[in-house]
Amino acid sequence: MLTQTGGDCRATNYIPLLRKALSDAGFAQIPVISLSMGNKGVESSPGFKLTIPLVKRIALAAMYGDLFERVVYRTRPYEKNQGEVNRWYEHYLEIAKEDVRKGSFSMFNHHMKQIIRTFDQIELLDIVKPRVGVVGGILVKYSPIANNNIIELLESEGAEAVVPDLIGFMNYSLYNQVWRSKHLGQSKQAQYLSSLALKIIEELEKPMHKELEKSQRFEGIASIKHLAQSTQEYISIGSHTGEGWFLTGEMIHLLKSGVDNIICMQPFGCLPNHVVGKGMLKTLRESFPNANITAIDYDPGISIVNQLNRIRLMLSTAKKNLQKV
């Protein structure tokens with residue numbers, strides 16, 4: 001099973017390649033399921049249906065994942081008692097698994113409040129570390145295998161990682177459907193369903209947003225509309241290939257939030273991401289003089305040592321800027 005944006009992106013070609021690989025390996029009978037918003041009439045998945053209970057469990061898993069990223073990455077670099085953050089994370093992860101199995105949003109809201117309060121009270125050292133935003137292709141941004149454990153690396157080098165929410169990318173995909181209906185003549189039904197989905201996601205995230213805002217250490221959830229409005233000054237909201245305008249928007253949001261240091265991870269050979277990522281750096285540096293952004297290519301053929309050296313160079317600049325403040 002593979003999720004896709006379904007657009008003109010190299011990931012759209014992964015499905016036939018997966019099928020060929022399975023066939024060549026002698027497993028041609030194994031189905032490959034494509035989950036995509038843009039492949040209606042192109043891909044079919046006999047025997048598999050996205051039911052309401054399954055969609056609820058997917059949504060809960062994504063919300064828990066975003067929550068854990070927020071509270072763990074914000075506290076672990078500063079914990080006074082080594083290992084305490086991970087112990088609480090493992091404890092709540094077991095609870096989250098059960099909530100996801102049951103598909104219970106009420107239990108999520110109950111445990112979400114507990115999680116935020118717990119991590120808000122963990123004893124931390126009174127030190128300041130450079131905050132480093134992690135953006136880029138959706139695979140390299142979230143997969144430790146693809147990004148050579150970037151979070152672990154940053155924390156070991158004395159920094160705090162700031163990773164945008166996964167649900168933000170879902171909102172981006174839905175927002176694009178609405179935009180295409182308004183500007184490119186896509187069906188009104190797509191506009192209605194996408195607008196409805198955006199509203200549902202906003203309502204589901206509202207309790208978590210309120211709790212995060214009330215906390216001492218954590219920040220609330222930025223709306224996709226606000227992100228689009230602040231991004232359109234720099235790049236067309238009609239740029240939908242790959243991460244499209246959303247990648248630029250994430251960097252803008254980080255810079256406006258005081259996260260001046262950013263690693264923009266580029267999947268090797270992904271031209272669209274080089275345009276909306278690396279291609280926007282000059283403009284962003286002109287608008288945000290304190291921006292300390294480095295673009296790193298990720299591919300099996302790229303030298304890990306080269307990646308590490310460039311990241312360390314960025315971090316050395318980040319630490320110098322921190323000392324000036």
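If you run salt bridge (charged side-chain N to carboxylate O under 4.0 Å, His left out) between Glu219 and each of Lys256, Arg70, Arg131, only Arg131 comes through.
Using a 4.0 Å cut-off between a side-chain N of Lys or Arg and a carboxylate O of Asp or Glu, Glu98 and Arg101 qualify as a salt bridge. Electrostatic pairing of Lys20 and Asp24 counts as a salt bridge here, judged by a charged N lying under 4.0 Å from a carboxylate O. A salt bridge is absent between Glu90 and Arg87; no separation between the charged side-chain nitrogens and carboxylate oxygens falls under 4.0 Å. Classification of Lys282 and Glu286 as a salt-bridged pair holds, one side-chain N sitting under 4.0 Å from a carboxylate O. Salt bridge status for Lys97 with Glu94: present, with a side-chain N to carboxylate O gap under 4.0 Å.
Taking the six-membered ring for Trp and thresholds of 30 and 60 degrees, Trp88 and His91 have ring planes more than 60 degrees apart, a perpendicular arrangement.
Expressed to the nearest 0.5 Å, how far CD of Glu123 lies from CD of Glu79 amounts to 11.5 Å. Residue Asn147 holds its CG atom at 5.0 Å from CE of Met265, rounded to the nearest 0.5 Å. Between Phe246 atom CZ and Met251 atom CE the span is 11.5 Å, to the nearest 0.5 Å. Here CD1 of Ile201 is found 9.5 Å from CE of Met63. Values are rounded to the nearest 0.5 Å. Remark: Met280 CE to Ile252 CD1 distance equals 6.5 Å, nearest 0.5 Å. Here CD of Gln216 is found 10.0 Å from CG of Leu124. Values are rounded to the nearest 0.5 Å.
In Ile145, the CD1 atom is not crowded: 12 or fewer heavy atoms of neighbouring residues, nucleotides or ligands sit closer than 6.0 Å. Under a cut-off of 6.0 angstrom, the local environment of CD1 in Ile127 is crowded, with over 12 non-hydrogen atoms contributed by other residues, nucleotides or ligands. Crowding of Lys102 atom NZ: a count of heavy atoms from other residues, nucleotides or ligands under 6.0 Å not exceeding 12. For CD1 of Ile304, the number of neighbouring non-hydrogen atoms (other residues, nucleotides, ligands) closer than 6.0 Å is 12 at most. For Lys129, the NZ atom sits in a packed shell: over 12 heavy atoms of surrounding residues, nucleotides or ligands are nearer than 6.0 Å. Counting heavy atoms of neighbouring residues, nucleotides and ligands inside a 6.0 Å radius, atom CD of Glu152 does not exceed 12 of them. Few gaps surround CZ on Phe48; more than 12 heavy atoms of other groups in view lie less than 6.0 Å from it.
Closest heavy-atom contact between Asn273 and Gly136: ND2-C, 4.0 Å. When all heavy atoms of Lys319 and Gly158 are compared, the pair lying nearest together is CE-O, 4.2 Å. Nearest heavy atom pair, residue Ala161 against residue Val134, reads CB-CG2, 4.5 Å. Closest heavy-atom contact between Tyr73 and Arg76: CE2-NH2, 3.7 Å. The minimum heavy-atom distance between Val178 and Ser194, with the atom names listed, is CG2-CB, 3.8 Å. For Leu315 against Ala159, the heavy-atom pair with the smallest separation is CD2-CB, 3.8 Å.
The closest side-chain donor-acceptor pair between Asn292 and Asn261 falls under 3.5 angstrom. Between the side chains of Glu160 and Tyr78, at least one donor N or O sits under 3.5 Å from an acceptor N or O.
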| message | One pair to check against salt bridge (Lys or Arg N to Asp or Glu O under 4.0 Å): Lys206 and Glu203. What are the steps and the verdict? | response | CA-CA 5 Å; Lys206 191 175 289 184; Glu203 288 300 314; 3.1 Å; yes
| request: Assess whether side chain to side chain donor-acceptor pair (under 3.5 Å) is satisfied between Glu243 and Tyr172, documenting all intermediate values. | output: CA-CA 9 Å; Glu243 273 63 32; Tyr172 154 74; over 6 Å; no
| said: Before you tell me yes or no, could you show the steps for Glu250 and Lys141 under salt bridge (Lys or Arg N to Asp or Glu O under 4.0 Å), namely the whole-Å CA-CA distance, both residues' side-chain angles and the distance that decides it to 0.1 Å? | reply: CA-CA 12 Å; Glu250 284 185 324; Lys141 182 163 61 173; 2.9 Å; yes
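Residues Trp179 and Gln186 fail the side-chain proximity criterion, which asks for heavy atoms closer than 4.5 Å. The side-chain heavy atoms of Thr283 and Ile235, taken from C-beta on, include no pair separated by under 4.5 Å. Under the 4.5 Å side-chain criterion, counting only non-hydrogen atoms from C-beta, Phe27 is in contact with Gln29. At least one side-chain heavy atom of Ser239 sits under 4.5 Å from a side-chain heavy atom of Val276.
Tracing side-chain contacts under 4.5 Å through hydrophobic residues (I, L, V, M, F, W, Y), one reaches Ile95 starting from Ile122; they form part of the same cluster. Side-chain heavy atoms closer than 4.5 Å link hydrophobic residues (I, L, V, M, F, W, Y) into clusters, and following such links, possibly through other members, connects Tyr234 to Val135. Follow the hydrophobic side-chain contacts under 4.5 Å out from Val305 and you never reach Ile263; the two are in separate clusters. Hydrophobic clustering (side-chain heavy atoms under 4.5 Å, transitive across Ile, Leu, Val, Met, Phe, Trp, Tyr) groups Ile224 together with Leu193. Put simply, Met107 and Met208 are part of two different groups of oily side chains (I, L, V, M, F, W, Y) that touch within less than 4.5 Å, one to the next.
Between the side chain of Arg285 and the main chain of Ala291, no donor-acceptor pair closer than 3.5 Å is present.
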